[in-house]
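Model, not experiment: these values are computed from the prediction. Because only heavy atoms are used, hydrogens play no part in the values below, and waters and symmetry mates are left out as well, while side chains stay in.
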Amino acid sequence: MRTTAAFLLVLCLLAISHAWDCQPVVDIKNLMQIDAGLGQVVATDTSQIPYYLVGDKWIRMPGSLKHITVGPAGIWGVNKDYAIYKYVAGNWVQAAGLLKQLDAGGDQFVVGANMNDTPYCLASSATVGYKGPASPLPWTGLPGSVKYYSCGPFGCWAVNNNDDIYLMSLNQDCQNNGWSHIEGKLSMIEVATDGSVFGVNSVGSVYTRDGITASKPEGTGWSHVPMCMQMKHVTYDLGRLWVISKSGFTMVCTH
């Protein structure tokens, strides 16, 4: 069975468009979610074990998490009970609140969505210095309903339960101007540290947003990123596109 799977993966890699050079990530299996930012890569597997990439080695982190994120606000995660944690001095320190997904890619602020798809933001003044329960955590509720939420230098992107796509301008203090609808449909979306946006739709196809700049944060349109299998998760940082397939393979691609 493993031989067959490996053979199919080789065929898959050979079939991918020459625009992207994809290689299998062989040292870790059954990843559920992955996040890259500021040159760092973290991930969780289907057993909810968190990992941190050092060189080409995946180092197991303590604890149990179903979602993990890394960015200017540090490393944060949530577990199966929606409890929120920040990685401080080699250990997870619990933070107030309940979220099912969160993202640390904004300008030192953290955003996330709870189990009712209510979006929240935590200002940079609270995230950077957070050390434990004695530190204040004033979560700010935001308008709308989102199931997945990610931020970068030019704005925050989100998708709702209908796979509709939205963009919001958000500053370090969580001040915002509301959501703007963006055409297209995606099931999950990630914003890179450089502002690049990638996402996966309901059938496992990968897309990237073209033309994003500081003066035009909404970009100009979507381009399909060819993949030879259905994907479920994607993240991008420093020229590397990390993708997890619905069948459990992880690949890293360069353009």
Side-chain angles (χ1 to χ4, degrees), residues 33 35-42 50 52 61-63 65-79 81-158 166-180 189-197 212-215 217-218 235 237-238:
Q33 177 256 333
D35 193 44
L38 294 179
Q40 303 174 82
V41 183
V42 293
Y52 184 94
M61 301 175 75
L65 297 174
K66 70 172 186 177
H67 191 96
I68 188 170
T69 180
V70 61
I75 301 177
W76 295 69
V78 294
N79 68 11
D81 298 317
Y82 310 110
I84 306 166
Y85 294 88
K86 183 185 180 183
Y87 199 58
V88 179
N91 290 291
W92 294 106
V93 177
Q94 188 169 357
L98 297 171
L99 294 173
K100 66 177 181 180
Q101 179 266 333
L102 77 174
D103 186 83
D107 189 8
Q108 295 186 328
F109 59 86
V110 171
V111 298
N114 70 7
M115 60 289 291
N116 298 316
D117 290 349
T118 303
Y120 283 89
C121 174
L122 185 62
S124 61
S125 57
T127 63
V128 176
Y130 185 75
K131 301 176 182 178
S135 303
L137 277 184
W139 289 99
T140 299
L142 300 175
S145 175
V146 304
K147 67 177 179 179
Y148 202 101
Y149 195 5
S150 182
C151 295
F154 307 134
C156 297
W157 293 70
Y166 293 91
L167 171 65
M168 172 185 282
S169 175
L170 199 62
N171 67 17
Q172 286 186 316
D173 296 324
C174 299
Q175 299 298 309
N176 67 89
N177 59 355
W179 295 104
S180 298
I189 195 164
E190 280 285 345
V191 188
T193 308
D194 66 359
S196 300
V197 174
I212 294 176
T213 63
S215 60
E218 72 276 16
T235 187
D237 183 52
L238 297 179

*Report the residues that fulfil salt bridge (charged side-chain N to carboxylate O under 4.0 Å, His left out) with K86, sequence neighbours left out, ordered by chain and then residue number.*
none
*Is there a donor-acceptor pair closer than 3.5 Å between any side-chain N or O of S169 and the backbone N or O of N177?*
no
*Verify whether one side chain among D194 and S196 offers a donor that lies under 3.5 Å from an acceptor in the other.*
yes
*Using 30° and 60° as the class limits, which term best fits the ring planes of Y87 and W92: parallel, tilted or perpendicular?*
tilted
_To the nearest 0.5 Å, what is the distance between CG on N116 and CG on L98?_
10.0 Å
_Atom of C174, atom of A123 and distance for their closest heavy-atom approach_ = SG-N, 3.5 Å
*Is any side-chain heavy atom of H67 closer than 4.5 Å to a side-chain heavy atom of K100?*
no
*Working to the nearest 0.5 Å, report the span between CD of Q108 and CG of L122.*
12.0 Å
_N114/Y82 under side chain to side chain contact (heavy atoms under 4.5 Å, CB included): CA gap, chis, key distance, verdict_ = CA-CA 8 Å; N114 70 7; Y82 310 110; over 6 Å; no
*Do I68 and Q33 come close enough that some side-chain heavy atom pair is under 4.5 Å?*
yes
_If the test is side-chain contact (heavy atoms from CB on, under 4.5 Å), which one of P143, S180, P217 qualifies with M168?_
P143
_Minimum side-chain heavy-atom gap T140-Q175 below 4.5 Å_ = no
*side chain to side chain contact (heavy atoms under 4.5 Å, CB included) between W76 and L99, intermediate numbers included*: CA-CA 11 Å; W76 295 69; L99 294 173; over 6 Å; no
*Got a second to check how far W179's CH2 is from S145's OG, nearest 0.5 Å?*
10.0 Å
_Closest contact, heavy atoms only, I75 versus V42_ = CD1-CG1, 4.4 Å
*Test log, rule side-chain hydrogen bond (donor to acceptor under 3.5 Å, both in side chains), inputs Q101 and Y149*: CA-CA 8 Å; Q101 179 266 333; Y149 195 5; over 6 Å; no
*Polar side chain donor-acceptor pair, D35 to T69, under 3.5 angstrom*: yes
*Looking at residues at least two apart in the chain, or sitting in another chain, which of them share a side-chain hydrogen bond (donor to acceptor under 3.5 Å, both in side chains) with S124?*
none
*Any side-chain heavy-atom pair of L38 and P72 under 4.5 Å*: yes
*With a 4.5 Å limit on heavy-atom distance, are the side chains of V110 and W139 in contact?*
yes
_Side-chain (D237) to main-chain (A192) donor-acceptor, under 3.5 angstrom_ = no
*Where do V111 and C121 land on the side chain to side chain contact (heavy atoms under 4.5 Å, CB included) test, with the steps shown first?*
CA-CA 4 Å; V111 298; C121 174; 4.3 Å; yes
*Under the side chain to side chain contact (heavy atoms under 4.5 Å, CB included) rule, what do V146 and Y166 come out as? Steps first, then yes or no, please.*
CA-CA 9 Å; V146 304; Y166 293 91; 5.6 Å; no
*asked:* Restricting to non-hydrogen atoms, name the atom on S135 and the atom on G129 that form the minimum distance, rounded to 0.1 Å.
replied: OG-O, 3.9 Å
*With a 4.5 Å heavy-atom cut-off, do V78 and L102 have their side chains touching?*
yes
*Grab the two heavy atoms, one from C151 and one from F109, that are nearest each other, plus how far apart they are.*
SG-CE1, 3.7 Å
_Minimal non-hydrogen separation, P50 against P62, with atom names_ = CG-O, 3.4 Å
*For residues A126 and P136, report the shortest heavy-atom separation together with the two atoms involved.*
CB-O, 3.7 Å
*Could you go through the side-chain hydrogen bond (donor to acceptor under 3.5 Å, both in side chains) check for E190 and S150 one step at a time?*
CA-CA 5 Å; E190 280 285 345; S150 182; 3.2 Å; yes
*Do F154 and E218 come close enough that some side-chain heavy atom pair is under 4.5 Å?*
no
_For D173, is there any backbone N or O sitting under 3.5 Å from a side-chain donor or acceptor partner on N171?_
yes
*Is any side-chain heavy atom of I189 less than 4.5 Å from a side-chain heavy atom of V197?*
yes
